[in-house]
2 protein chains.
Amino acid sequence: MDGKVINLKSKMETYKAISGGGNIANCPVREVIQGVSGKWRSLLMMALAERPYRFGELRRLVPDISQRMLTQTLYDLQRDGYVHREVFPTKPPSVEYSLTDLGRSMFGAFHQLILWAELNHDAVRAARADFDAAQA
Amino acid sequence: MDGKVINLKSKMETYKAISGGGNIANCPVREVIQGVSGKWRSLLMMALAERPYRFGELRRLVPDISQRMLTQTLYDLQRDGYVHREVFPTKPPSVEYSLTDLGRSMFGAFHQLILWAELNHDAVRAARADFDAAQA
DNA sequence: TAGTGCTGGTCTCTTTCTGAGACTACCACT
DNA sequence: AGTGGTAGTCTCAGAAAGAGACCAGCACTA
């Protein structure tokens, strides 16, 4: 067999396979997944899943986020309906961010990934170390 | 009560709460999550979960990825141990990418999020539309 | 009464990352 | 001899992210 060369014919087949199973290039799923995929979005979701936080609290909690990114990421999360923003007219007006029902729902699914990461992060690190060693 | 002002004292408390429940600023979990979080990484994982693919197939399957990003993302996934790269010494050497056991394991957890996205993408889109309308 | 610090931001500048497209080198088929 | 398919690499422009200054208002303190 030199049947290793699978050209042309498989184009539509593979596309269909993906479309049926996981939805790839066109689809809303991709949009949602990428909406969760930001560097800070998952982190803030994790924080807010714990309890509501105020802006400054979040800034201290995630020390290496810039104010600019915190503002923007919270705005994006709010826009996507994951986070609720409430302004309290206290002396210096304070702003509290909390998860919406949609946010909690999404976090439920996301949580699986967090659990996996907790169990397997050393495997990933090991793989990375091996790979880097092999390259050197 | 003007007990809305929670300063200083709560710093360590919040940090501990997060550390216990979800691990935030320091931790390996964050590293792993962000490793999955790239724009293309999840997409390629979805593709490869279906079956192994060759470079050109992936390029056609995900039409809006550039070759540069495809090369690099596959390299990163390989480095993290999610993807196996095998070169076949055919006439023009072809390269096949497939999920490793670690990759399949991770994808199992990630799949939850995909399912959620399939069910709820319209809710997200609705939230976004509402929000944009309210801003205007 | 002026100084300091807290509130939640915005604005600008720099660096880093991403994306598009040209280019390589080899081989098969026409 | 030319065309197209293999898997990439290289370069350059544009977009995104990060660092840090700045703002306005109020409370507490010296």
Side-chain angles (χ1 to χ4, degrees), chain A residues 2-11 14 25 34-35 37-44 47-48 52-79 83-98 135, chain B residues 1-11 14 25 30 34-35 37-44 47-48 52-79 83-98 135:
Chain A
D2 54 26
K4 253 314 169 208
V5 191
I6 318 157
N7 48 9
L8 278 176
K9 178 176 359 191
S10 57
K11 268 187 191 172
T14 62
Q34 293 192 356
S37 289
K39 178 173 181 183
W40 302 110
R41 298 173 79 115
S42 48
L43 215 53
L44 292 179
L48 293 174
Y53 279 98
R54 294 214 318 286
F55 186 88
E57 289 181 299
L58 287 171
R59 197 176 26 155
R60 284 187 293 275
L61 194 65
V62 186
D64 53 346
I65 194 174
S66 65
Q67 280 187 311
R68 186 187 162 286
M69 276 296 101
L70 183 53
T71 301
Q72 177 163 340
T73 306
L74 286 170
Y75 182 90
D76 291 344
L77 288 173
Q78 188 193 354
R79 191 172 103 98
V83 160
H84 174 70
R85 178 182 190 268
E86 191 165 8
V87 180
F88 294 99
T90 46
K91 324 74 182 285
S94 62
V95 181
E96 187 179 87
Y97 294 90
S98 55
Q135 294 299 306
Chain B
M1 318 185 176
D2 53 27
K4 252 315 169 206
V5 191
I6 317 156
N7 48 9
L8 278 176
K9 172 171 11 185
S10 55
K11 267 187 193 172
T14 62
R30 174 174 168 182
Q34 292 192 356
S37 288
K39 178 174 181 183
W40 302 110
R41 299 173 78 115
S42 49
L43 216 52
L44 292 179
L48 294 174
Y53 278 98
R54 295 213 317 285
F55 187 87
E57 289 182 299
L58 287 171
R59 198 178 22 156
R60 284 188 293 275
L61 193 66
V62 186
D64 53 345
I65 195 175
S66 65
Q67 281 187 311
R68 186 188 163 282
M69 276 296 102
L70 183 52
T71 301
Q72 178 164 337
T73 307
L74 286 170
Y75 181 90
D76 291 344
L77 289 174
Q78 188 192 354
R79 192 173 104 98
V83 160
H84 174 70
R85 178 181 190 269
E86 190 166 7
V87 181
F88 295 98
T90 47
K91 322 78 184 279
S94 63
V95 182
E96 188 178 88
Y97 295 90
S98 55
Q135 296 298 307

Legend entry - Residue pair A/L74 / A/F55, side-chain heavy-atom distance below 4.5 Å: yes
In whole angstroms, how far is the [atom2] atom of [N] from the [atom1] atom of [X]?
| X | N | atom1 | atom2 | answer |
| --- | --- | --- | --- | --- |
| A/I65 | D/dG20 | CD1 | C1' | 15 Å |
| B/R54 | D/dA7 | CZ | C1' | 10 Å |
| B/M69 | D/dT9 | CE | C1' | 13 Å |
| B/L70 | D/dT6 | CG | C1' | 14 Å |
| B/R59 | C/dG21 | CZ | C1' | 12 Å |
| B/Q67 | D/dG5 | CD | P | 13 Å |
| B/L74 | D/dA7 | CG | C1' | 11 Å |
| A/L43 | D/dG18 | CG | P | 11 Å |

Examine [N]: is either OP1 or OP2 under 4.0 Å from a nitrogen or oxygen in the side chain of [X]? Give yes or no.
| X | N | answer |
| --- | --- | --- |
| A/W40 | D/dG18 | yes |
| B/K39 | D/dA16 | no |
| B/R41 | C/dT18 | no |

Reported [atom1]-to-[atom2] distance for the pair [X] and [Y], which is rounded to 0.5 angstrom:
| X | Y | atom1 | atom2 | value |
| --- | --- | --- | --- | --- |
| A/S37 | B/K39 | OG | NZ | 11.0 Å |
| A/I65 | A/Q72 | CD1 | CD | 10.0 Å |
| B/Q78 | B/S98 | CD | OG | 10.0 Å |

Inset, instruction - Scan A/R68 against the nucleic acid and name what it touches under 4.0 Å (heavy atoms): base, sugar-phosphate only, or nothing. - result: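 The residue A/R68 makes base contact.
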Inset, instruction - Would you indicate what B/Y75 reaches in the nucleic acid, counting non-hydrogen atoms under 4.0 angstrom: base, sugar-phosphate, or nothing? - result: nothing
Legend entry - Of the listed nucleotides C/dG9, D/dA17, D/dT9, the one nearest the side chain of A/R85: C/dG9
Inset, instruction - Among the candidates D/dA19, C/dA20, C/dG8, find the nucleotide nearest to the side-chain atoms of A/F55. - result: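 Taking heavy atoms from C-beta onward, the closest nucleotide is C/dG8.
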Legend entry - Side-chain (B/E96) to main-chain (B/E86) donor-acceptor, under 3.5 angstrom: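 Answer holds: no.
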Inset, instruction - Could you give me the CA-CA distance, side-chain angles and deciding distance for B/L70 and B/V62, then say whether side chain to side chain contact (heavy atoms under 4.5 Å, CB included) is met? - result: CA-CA 9 Å; B/L70 183 52; B/V62 186; over 6 Å; no
Legend entry - Passing option when A/V83 is tested against A/D76, A/T73, A/L48 for side-chain contact (heavy atoms from CB on, under 4.5 Å):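 Checked A/D76, A/T73, A/L48 against A/V83; only one passes side-chain contact (heavy atoms from CB on, under 4.5 Å): A/L48.
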Inset, instruction - Assign each of B/Y97 and A/G38 to its nearest nucleotide of DNA chain D by heavy atoms, then name whichever residue's nucleotide is nearer the 5' end. - result: B/Y97
Can you give me the N/O atom pairs linking the protein to nucleotides 23-27 of chain D at distances under 3.5 Å, or say none if there are none?
none

